[in-house]
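Just so you know, ligand 1 is whichever comes first in the structure, and atom 1 is the first atom listed for that ligand. One-based numbering along the sequence shown. Keep in mind that the numbers below use all heavy atoms, side chains included, and drop hydrogens, waters and symmetry copies.
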Amino acid sequence: MGFLDGKKALISGVASNRSIAFGVAQCLHREGAELAFTYQTDKLKPRVEKIAADLNSSICIPLDVSDDQNITNAFAELKQNWETFDIMIHSIAFAPMEELKGSFVESVTREGFKMAHEISSYSFASMAREAKPMLSDNASLLTMTYLGSVKSVPNYNVMGPAKASLESTVRFLAADLGPQGIRVNAISAGPIKTLAAAGVSGFRGLLKHVASKTSIRRNVTIEDVGNTAAFLSSDLAAGITGETIYVDGGYRNLGMTFDVE
Ligand code: NAP
């Protein structure tokens, strides 16, 4: 028996078995949740279908969050499978690679800024709006963010403001949907080697730095994030909403690190 028995969860953002969303899906499945998945392009469809099948799911729905009609269509398709559902995992982000390296002020463009905010932040609000009529009492919405929202991090550049916008969106959605019993939270994960992360210049160095400095002296894993996501998606977290929960091995709380003689 798991603490998510009887819950239905929609998972977006599985691109591979390294994706944070894959770690979340595994933990939700382990705790008894029934899963449905989205995929962005036909190219990814077979891979996501295979991952879904391994987790006893046959529901795989196309969803490209750059287009509102596409989002509406995805939830209409979900409704053909489920009348209601309980958990929505948003694990989607994008910014042009050219803007994820070097000087922020030199690399940022109007188009890149807009795209990063639309795909990585607006999409969460837009998915919440489409999900709302189908959400059960005690439903949970969860998204993924990063420290670059509140501190500058080399090369993260335009994704920083986009994640700050996402975290603010979490607070507004939580206040808005709370009276209906719907909770909304974010997990701020430490760096993890995934396809999206590989787009940030110098990411290998970032991983090495964090592993050597963070309190637990290792990088977090998709299982670490998945376990926290399972808890936040469950009724065990009934009192938590509008929060950004750090799963970063303590890195955020370090004021300074240096070798003490
Ligand atoms: P990932 O495996 O590459 O997942 C990113 C997902 O976003 C992919 O499935 C990608 O689909 C999807 N996506 C991008 N544009 C989309 C669009 N227009 N419509 C629908 N889906 C779209 O990388 P990840 O690291 O697990 O990222 C998941 C989330 O965690 C992101 O929000 C990321 O910022 C956040 N995060 C990551 C880290 C880290 O270090 N990895 C740390 C903190 C937070 P395609 O592959 O088809 O483009």
> For atom 2 (O) of ligand 1, what is the nearest protein heavy atom, given as residue, atom name and distance?
Replying inline: Ser19 OG, 2.5 Å
>> Closer than 4.0 Å to some heavy atom of Ala15 - which atoms of ligand 1 meet that?
In response: 2 (O), 8 (C), 9 (O), 46 (O)
>> I'd like to check which ligand 1 atoms, numbered from 1 as shown, lie under 4.0 Å from a non-hydrogen atom of Ala189.
In response: 42 (C), 43 (C)
> Nearest 0.5 Å, what's the CE-CG distance between Met144 and Leu166?
Replying inline: 10.0 Å
> Is Phe22 near ligand 1, meaning one of its heavy atoms is under 4.0 Å from it?
Replying inline: no
>> Let's go through Leu100 and Met159 carefully: what are the C-alpha distance in whole Å and the side-chain angles of both, what is the deciding distance for side-chain contact (heavy atoms from CB on, under 4.5 Å) to 0.1 Å, and is it a yes or a no?
In response: CA-CA 8 Å; Leu100 298 174; Met159 277 307 297; 3.8 Å; yes
>> Between Leu63 and Tyr39, is the side-chain contact (heavy atoms from CB on, under 4.5 Å) condition met? List the steps.
In response: CA-CA 6 Å; Leu63 171 65; Tyr39 59 89; over 6 Å; no
>> If the cut-off is 4.0 Å to any non-hydrogen atom of Pro191, which atoms of ligand 1 fall inside it?
In response: 40 (O)
>> Just to be sure I read this right, does ligand 1 sit under 4.0 Å from the backbone of Lys163, its side chain, both, or neither, counting only heavy atoms?
In response: side chain
> Should you measure from each heavy atom of Ile92, which atoms of ligand 1 turn up under 4.0 Å away?
Replying inline: 7 (O), 13 (N), 16 (C), 20 (C), 21 (N), 22 (C), 32 (O)
> Ile61, Val24: one ILVMFWY side-chain cluster at the under-4.5 Å cut-off?
Replying inline: no
>> What I want to know is whether Leu44 and ligand 1 share at least one N or O pair that is separated by under 3.5 angstrom.
In response: no
> When the ring planes of Phe124 and His90 are compared, do they come out parallel, tilted or perpendicular, using 30° and 60° as the limits?
Replying inline: tilted
> For Leu10 and Leu78, what are the C-alpha separation, side-chain angles and deciding distance, and is it a side-chain contact (heavy atoms from CB on, under 4.5 Å)?
Replying inline: CA-CA 9 Å; Leu10 176 67; Leu78 184 66; 4.0 Å; yes
> Is there a donor in the side chain of Asn73 and an acceptor in the side chain of Glu77, or the other way round, less than 3.5 Å apart?
Replying inline: no
> In the protein, what heavy atom is nearest to atom 5 (C) of ligand 1, and what distance, to one decimal place, separates them?
Replying inline: Ser91 O, 3.8 Å
> Between Arg30 and Asn227, is any side-chain donor less than 3.5 angstrom from a side-chain acceptor?
Replying inline: yes
> Is ligand 1 under 4.0 Å from a heavy atom in the side chain of Leu63, in the backbone, in both, or in neither?
Replying inline: backbone
> Between Ser234 and Glu31, does any side-chain donor sit less than 3.5 Å from a side-chain acceptor?
Replying inline: no
> So is Gly190 close enough to ligand 1, meaning a heavy atom under 4.0 angstrom away?
Replying inline: yes
>> Give me the residue, atom name and distance of the protein heavy atom closest to atom 41 (N) of ligand 1.
In response: Ile192 O, 2.9 Å
> Identify the closest protein heavy atom to atom 31 (C) of ligand 1: which residue and atom is it, and at what distance?
Replying inline: Ala93 CB, 3.6 Å
>> Assess, by modelled atom type and distance only, whether the side chains of Ser107 and Glu99 contain a donor and an acceptor separated by less than 3.5 Å.
In response: no
> Charged N to carboxylate O under 4.0 angstrom, Lys79 versus Glu83?
Replying inline: yes
> Under 4.0 Å from any heavy atom of Ala197, which atoms of ligand 1 are there?
Replying inline: 41 (N)
>> Please list the nearest protein heavy atom to atom 18 (N) of ligand 1 with its residue and the distance rounded to 0.1 Å.
In response: Asp64 OD1, 2.9 Å
> Does the side chain of Thr38 come under 3.5 Å of the side chain of Ser12 through a donor N or O and an acceptor N or O?
Replying inline: no
> For ligand 1, is any non-hydrogen atom under 4.0 Å from Ile119's backbone (N, CA, C, O), its side chain (CB onward), both, or neither?
Replying inline: side chain
>> Under 4.0 Å between a side-chain nitrogen and a carboxylate oxygen: does that hold for Arg218 and Asp224?
In response: yes
> Who's the nearest protein heavy-atom neighbour of atom 3 (O) of ligand 1, and how far?
Replying inline: Ala196 N, 3.0 Å
>> I need the atoms of ligand 1 closer than 4.0 Å to a non-hydrogen atom of Val14, numbered in the order shown.
In response: 9 (O)
> Identify the closest protein heavy atom to atom 44 (C) of ligand 1: which residue and atom is it, and at what distance?
Replying inline: Thr145 O, 3.0 Å
>> Can you tell me which portion of Phe124 lies within the under-4.0 Å heavy-atom range of ligand 1? Options are side chain, backbone, both, or neither.
In response: neither
> Which of the atoms in ligand 1, numbered in the order shown and given with their element, are less than 4.0 Å from a heavy-atom of Gly13?
Replying inline: 4 (O), 6 (C), 8 (C), 9 (O)
>> Apply side-chain contact (heavy atoms from CB on, under 4.5 Å) to residues Leu141 and Arg183 and explain how you reach the verdict.
In response: CA-CA 6 Å; Leu141 312 183; Arg183 295 179 302 104; over 6 Å; no
> Side chain, backbone, both or neither: which part of Ile20 has a heavy atom under 4.0 Å from ligand 1?
Replying inline: both
> So which protein heavy atom does atom 24 (P) of ligand 1 come closest to, and at what separation?
Replying inline: Thr194 OG1, 3.4 Å
